Protein chains: 2
Amino acid sequence: MASREDFAMTDLFPQKGHDHSRCVDSALREAEKVCDAENARFTDMRRLVFSLIWKSHKAITAYELLDAIQAGGQRVQPPTVYRALEFLTQLGLIHRIESLNAYFGCDMPHHHHLGQYFICRQCGRVAEAVDEEMSNAVRKAARQVQFRIEATTIEIKGLCHDCATH
Amino acid sequence: MASREDFAMTDLFPQKGHDHSRCVDSALREAEKVCDAENARFTDMRRLVFSLIWKSHKAITAYELLDAIQAGGQRVQPPTVYRALEFLTQLGLIHRIESLNAYFGCDMPHHHHLGQYFICRQCGRVAEAVDEEMSNAVRKAARQVQFRIEATTIEIKGLCHDCATH
DNA sequence: TGACGTGATGTTATAATATATCATTTCTTG
DNA sequence: CAAGAAATGATATATTATAACATCACGTCA
Ligand SMILES: [Zn+2]
Ligand SMILES: [Zn+2]
Ligand SMILES: [Zn+2]
Ligand SMILES: [Zn+2]
């Protein structure tokens with residue numbers, strides 16, 4: 001992926017003409033690092049699923065992944081895909097979008113974070129934010145009601161700047 | 001439901017021994033008001049589904065509803081349940097919890113709001129908050145990245161105070 | 001009243017998403 | 001290489017959701 005510094009603050013979503021091969025390369029390198037650090041095996045299947053997820057900045061469903069793999073000639077079954085997805089999710093290399101039943105690649109798997117997801121209904125792209133103000137607001141609200149947070153799902157649907165203006 | 005004033009600030013989740021029939025009665029009255037105001041028909045099936053959802057403060061799935069209806073002797077099919085759910089959701093009488101594929105009754109259907117849901121993994125209860133600080137943080141973050149919000153999903157999983165302490 | 005139009009529900013079939021279970025293969029490590 | 005652990009293959013099935021068309025119920029107005 002392009003590194004975070006390549007974007008202005010308002011460009012959470014990647015530029016239309018960006019060099020996406022850099023996104024993919026960088027994501028793969030990061031994933032390898034994380035797997036190494038966790039002493040986890042980045043097998044061919046996991047790498048394949050991960051690469052397919054990184055084909056775009058959109059979220060992709062398990063069965064779309066399955067179809068893509070089968071289109072590549074491998075006769076793979078749902079459990080195989082779901083296992084790879086579980087593995088990648090556990091390691092934080094990808095995130096699941098609950099409201100879409102779909103997955104997309106994380107920009108910053110090395111750093112443990114509670115993310116918030118902006119999802120454009122027009123172009124389908126997903127952008128992850130790590131906004132401390134949102135996180136803090138959630139933590140504060142939880143504290144007020146004495147709720148012990150274990151996981152949060154923050155998904156924001158609408159139109160990205162590109163789609164809202166063009 | 002017990003009115004909001006019955007709870008201290010930290011009691012977003014209802015008290016264990018509360019008189020739940022009051023919750024149900026109040027919810028039904030509110031639902032009728034909303035349907036009236038919207039000139040929508042609160043049919044028997046919709047009322048039944050709504051009542052079943054309000055059987056508890058937990059979220060319930062479409063097929064659990066279906067089973068409950070069938071247990072009551074009616075031979076109803078999935079589309080019927082999903083239609084009732086869609087109707088109730090549209091009117092804001094219930095909310096869908098994306099991360100559970102389940103539904104639960106809204107406390108305050110009369111007032112248009114973006115809610116946040118606390119979900120206890122232990123007791124299964126769901127509590128809805130309408131926290132302006134969370135909403136504002138989301139709106140502000142969206143503004144910063146020039147994202148036009150159309151819907152938000154904020155689901156917070158963990159342990160409620162009761163379950164964390166007992 | 002009763003024919004009509006609309007909205008709600010019934011009915012059948014199937015699509016889409018996800019997991020349980022056991023068999024086999026691959027990897028690691030001694 | 002042998003043995004155990006981890007990953008994947010394979011089969012079956014569970015769970016969640018919708019498409020499509022038929023019928024029924026209800027309000028309206030001729
Ligand atoms: Zn890219
Ligand atoms: Zn867009
Ligand atoms: Zn109650
Ligand atoms: Zn609880």
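What you see is a predicted model; the values in this text were computed from it and never measured. Heavy-atom basis, side chains included; hydrogens, waters and symmetry copies ignored.
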Check: residues 88-106 of chain B side-chain donor-acceptor pairs under 3.5 Å, at least two apart:
| from | atom 1 | to | atom 2 | distance (Å) |
| --- | --- | --- | --- | --- |
| B:Thr89 | OG1 | B:Leu85 | O | 2.6 |
| B:His95 | ND1 | B:Tyr117 | OH | 3.3 |
| B:His95 | NE2 | B:His113 | NE2 | 3.4 |
| B:His95 | NE2 | B:Glu128 | OE1 | 3.3 |
| B:His95 | NE2 | B:Glu128 | OE2 | 3.1 |
| B:Arg96 | NE | B:Glu98 | OE1 | 3.1 |
| B:Arg96 | NH1 | B:Tyr103 | OH | 2.9 |
| B:Arg96 | NH2 | B:Asn101 | OD1 | 3.0 |
| B:Ser99 | OG | B:Glu155 | OE1 | 2.6 |
| B:Ser99 | OG | B:Lys157 | NZ | 3.1 |

I'd like a table of donor-acceptor pairs (distance under 3.5 Å, sequence neighbours excluded) in which one partner is a side-chain atom from residues 39-48 of chain B, with atom names and distances.
| from | atom 1 | to | atom 2 | distance (Å) |
| --- | --- | --- | --- | --- |
| B:Thr43 | OG1 | B:Arg46 | N | 3.3 |
| B:Arg46 | NH1 | B:Arg41 | O | 2.6 |
| B:Arg47 | NH1 | B:Glu32 | OE2 | 2.6 |
| B:Arg47 | NH2 | B:Glu32 | OE2 | 2.9 |

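Map A:Thr61 and A:Pro79 each onto its nearest nucleotide of DNA chain C; the residue landing nearer the 5' end is A:Thr61. Mapping B:Pro78 and B:Asp44 onto DNA chain C by nearest heavy atom places B:Asp44 closer to the 5' end of the strand. With DNA chain D read from its 5' end, the first of the two nearest nucleotides for B:Arg83 and A:Ala84 is the one closest to A:Ala84. Take the nearest nucleotide of DNA chain D for A:Gln74 and for B:Tyr63: the residue whose nucleotide is more 5' is A:Gln74.
To the nearest 0.5 angstrom, B:Leu159 atom CG is 13.0 Å from A:Gln146 atom CD.
Between A:Ile60 and the choices A:Val49, A:Leu65, A:Asp67, the side chain to side chain contact (heavy atoms under 4.5 Å, CB included) rule is met once, by A:Leu65.
The shortest heavy-atom contact between B:Glu64 and B:Ala59 is OE1-O, 4.4 Å. In this structure, A:Arg125 and A:Cys160 approach most closely via the heavy-atom pair NH2-SG, 3.5 Å.
No side-chain heavy atom of A:Phe50 sits under 4.5 Å from any side-chain heavy atom of A:Ile53. Counting heavy atoms from C-beta outward, A:Asp162 and A:Phe13 have side chains that stay 4.5 Å or more apart.
On the nucleic acid side, DNA chain D contacts chain B at distances under 4.0 Å to non-hydrogen atoms, with the end points of that region at D:dT16 to D:dC26. With a heavy-atom cut-off of 4.0 Å to chain A, the contacted part of DNA chain C has its first and last nucleotide at C:dT17 to C:dC27.
For A:Asn136, the side-chain hydrogen bond (donor to acceptor under 3.5 Å, both in side chains) partners at least two apart in sequence or on another chain are A:Arg139.
Checked by atom type, the side-chain pair A:Thr152/A:Gln116 shows no donor-acceptor distance below 3.5 Å.
At a threshold of 4.0 Å, the pair A:Glu86-A:Arg83 does not count as salt-bridged, since none of the basic side-chain nitrogens sits closer than that to a carboxylate oxygen.
Interface residues of residues 35-43 of chain A facing DNA chain D, ordered by number: A:Arg41, A:Thr43; criterion, heavy-atom separation under 4.0 Å.
A:Arg96 comes within contact range of the sugar-phosphate backbone alone, with a heavy-atom separation under 4.0 Å but no base atom that close.
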